[in-house]
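In what follows, a single structure is set out as structure tokens and then discussed.
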Amino acid sequence: MIIGGDGYCGWATALHLSARGYRVAIVDNLCRRGFDASLGLETLTPIASIHERVRTWGEVSGKHVELMVGDVCDWEFLSQVFTAFRPEAVVHFGEQRSAPYSMIDRARAAFTQSNNVLGTLNVLYAIKELAPGAHLVKLGTMGEYGTPNIDIEEGYITITHNGRTDTLPYPKQGGSFYHLSKVHDSHNIHFAARAWGLAATDLNQGVVYGVRTEETVAHPALINRYDYDGIFGTALNRFVVQAAVGHPLTVYGKGGQTRGFLDIRDTVRCIQIAVDNAAAPGEMRVFNQFTEQFSVNELAAIVGAEGKKMGLDVRVQSVPNPRVEAEEHYYNAKCTKLRDLGLEPHLLSGARRAAAARTRAAPAPPPAPSRHPVLTPAPPAPDSLLCRRPRRLAARVCAALQGPRAAGADQAGGELEGVGRRARQHDERGGRGALSGRAARRARAHAGLRRGTSQAGIFGFSFVCVARFCQSTVAQPGAA
Ligand code: NAD
Ligand code: USQ
């Protein structure tokens, strides 16, 4: 059972597992699509309705994925779906997952914590009462740990204090009401494991990037979402879009903020590994789910270097930090357990080395044919899939890149606090609200990116996507 299976990580995971023969049910109340609608946000890649997605997957793969639309906070609904599906493993992605969203105002902070904490509490009870023995695989976050001045362990730390030693949950210092909802979840799961003998794996995931997985590029109606706005867009995904449209990369503050990152292709694999290697009854196992750590400045430098290879002039701008967080700090987090169980990560550093080697050696061979067990014929070329949105206003992309105010968050509900106020200050200090003439010219100059370079560079997928988008806008003079 994939709770949150219509979301960014959940959709890719549902297809990954279905393709490999697992019986999959998606449970989702589609609230994420509602957040986008209420805040005026939109995924860069147009996504089909969940019903169309599931139907298309059935046609493309011959595999059936069950769909149950409802809210895990609604006990009557949740108990019905547990009774009907009888899961052996419950993968729980179904939460409000944006830190900036949770800091917009009191109402959204309260929603985030009640949705996430009570939803997870219901899931714990559903397992206890209706699917005892089911393994809970719960998505937590690396942000539960904060940025302590010591190494971050995987969930637990052994401490000697006043001559006595114990292994205890690693101290938690969430940096937003969202991150704190995950901390509360972890405590509740830990208690349920001790009190009821529940088997649980808490995956403290880092920031996910990328959009393509083998299954989601198999058909336009299967494509995953790609958020690049100031609320749901995460750092690397945003930087790639910014580079492609000629918007300066928005490094918040000093840019020394360091986090763990992973490719979405590794997210789906990590979940499969956790499902295949269940925790023991009574155990709450914690895996740190990321593959590399970078500071925001390092990310910006990587995007700048990759953009340069593609002929883009990538600029970096330090903007006032809309968040309360350490901008220079020690960070060294462990992440060995998933690799010990077989994760073979897709690394940005590896891709950089490979890209450098390719330029020295012979031309790159054509991409290997899909080794996918169920998808035939092989997926079509990715650049024909990702950007079928015609003639959008470029202003919309740039407005979303600017952050919550430009994205319409304040019109949507109440006075913004913290995030919104600082974003406003940023706007007033010169943030641009629309694709400028210079950016439009740049987009025109780089419109050639849209064909034949889809595999070029580690961010090729996104550059192509955005370049095509820009090109369609430029093709209509005055549209922006
Ligand atoms: P997402 O917003 O794209 O997907 C979450 C899905 O859960 C949405 O489809 C939403 O409709 C659904 N949902 C939310 N509340 C629900 C409820 N009460 N009942 C039923 N469905 C509900 O988020 P995502 O990026 O896919 O993240 C998935 C999980 O992974 C989250 O728990 C998030 O905290 C965690 N995570 C994400 C990232 C990341 O970079 N995206 C990193 C670390 C951890
Ligand atoms: N940042 C910038 N510029 C931007 C966007 C972000 O400098 O344009 C910085 C932020 O200030 C922060 C860092 O990049 O220091 C990461 O921010 P993010 O928006 O990429 O990620 P975050 O808010 O931490 O949240 C995301 C997911 C969340 C998940 C978390 C994992 O939205 O669901 O829990 O990553 S972690 O960061 O490890 O807690």
Side-chain angles (χ1 to χ4, degrees), residues 1-34 43 45-72 74 77-95 97 119 123 126-127 130-131 134-139 203 208 211-226 264-276 278 370-380 385:
M1 177 179 287
I2 312 284
I3 301 173
D6 186 44
Y8 174 53
C9 300
W11 175 241
T13 302
L15 297 196
H16 177 86
L17 294 178
S18 172
R20 282 153 188 80
Y22 298 76
R23 194 168 62 91
V24 172
I26 286 177
V27 174
D28 201 302
N29 66 350
L30 313 184
C31 66
R32 178 55 212 282
R33 293 176 187 251
T43 156
T45 45
I47 56 171
S49 75
I50 184 63
H51 295 89
E52 191 184 343
R53 283 176 148 189
V54 167
R55 192 169 49 246
T56 304
W57 175 245
E59 288 163 10
V60 168
S61 70
K63 306 272 183 184
H64 176 65
V65 166
E66 288 192 42
L67 174 62
M68 296 149 169
V69 175
D71 190 338
V72 296
D74 173 353
F77 164 78
L78 190 65
S79 51
Q80 279 172 11
V81 300
F82 263 73
T83 306
F85 189 70
R86 302 217 161 272
E88 290 170 19
V90 179
V91 183
H92 184 17
F93 291 105
E95 300 200 334
R97 71 101 171 130
V123 171
I127 293 174
L130 303 167
H135 173 213
L136 173 65
V137 177
K138 166 67 171 53
L139 269 293
L203 295 172
V208 184
V211 67
R212 300 165 56 201
T213 57
E214 205 170 348
E215 294 75 30
T216 57
V217 296
H219 189 282
L222 301 177
I223 198 65
N224 207 346
R225 61 181 311 130
Y226 187 102
I264 190 158
R265 292 173 295 179
D266 293 335
T267 291
V268 300
R269 180 70 188 125
C270 289
I271 302 297
Q272 185 184 2
I273 288 171
V275 167
D276 287 349
S370 172
R371 286 181 288 110
H372 198 286
V374 294
L375 297 179
T376 51
L385 296 173

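The first residue of the sequence shown is numbered 1, and numbering continues consecutively from there.
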Taken in chain and number order and not counting sequence neighbours, the residues that satisfy side-chain hydrogen bond (donor to acceptor under 3.5 Å, both in side chains) with R269 are Q272
Is it the case that the side chain of S18 and the backbone of V24 share a donor-acceptor pair, with hydrogens and angles ignored and the cut-off at 3.5 Å? no
Strictly distance-based, threshold 3.5 Å: is any side-chain N or O of T216 a donor or acceptor partner for the main-chain N or O of R212? no
Could you check if a side-chain atom of M68 sits within less than 4.5 angstrom of a side-chain atom of F77, using non-hydrogen atoms only? yes
So, do V72 and N29 sit near enough that their side-chain heavy atoms are less than 4.5 Å apart? no
Could you pull out the closest heavy-atom pair between T56 and A221, with the gap in Å? OG1-CB, 3.5 Å
Measure the spacing between CD of E95 and CG of L139 and express it to the nearest 0.5 Å. 8.5 Å
Interatomic spacing from CD1 in I47 to CG in N224 - rounded to 0.5 Å: 7.5 Å
Side chains of F82 and V90 in contact at under 4.5 Å (non-hydrogen atoms): yes
Nearest non-hydrogen partners of P46 and I223, listed with the distance: O-CG2, 3.3 Å
Would you compute the distance between atom CG of L17 and atom CD1 of I271 and round it to the nearest 0.5 angstrom? 8.0 Å
Any H219 side-chain heavy atom under 4.5 Å of E59 side chain: no
For M1 and P87, which heavy atoms make the closest approach, and how far apart are they? CB-CB, 3.9 Å
At their closest point, which heavy atom of T213 faces which heavy atom of A12, and how far apart are they? CG2-CB, 4.0 Å
Indicate the atoms forming the closest heavy-atom contact of I50 with R33, along with that distance. N-NH2, 3.6 Å
What is the distance from atom NZ of K138 to atom CZ of F93, rounded to the nearest 0.5 Å? 11.0 Å
In terms of heavy-atom contacts, K63 and S61 come closest through N-OG, 2.9 Å
Tell me every residue that passes side-chain hydrogen bond (donor to acceptor under 3.5 Å, both in side chains) with D276, counting only those two or more places apart in sequence or in another chain. Y22
What's the spacing between Y226 OH and I264 CD1 if we round to 0.5 Å? 11.0 Å
Can you tell if the side chain of W11 reaches within under 4.5 Å of the side chain of I2, non-hydrogen atoms only? no
Can you tell me how far apart CG (L222) and CG (L15) are? Round to the nearest 0.5 Å. 6.0 Å
Checking D28 side chain against D6 main chain: does a donor-acceptor pair fall under 3.5 Å? yes
Quick check: does any side chain N or O of T13 sit under 3.5 Å from a backbone N or O of V268, one acting as donor and the other as acceptor? no
May I ask you to check if R23 and F85 form a cation-pi contact, with NZ or CZ under 6.0 angstrom from the six-membered ring centre and within 45° of the axis? yes
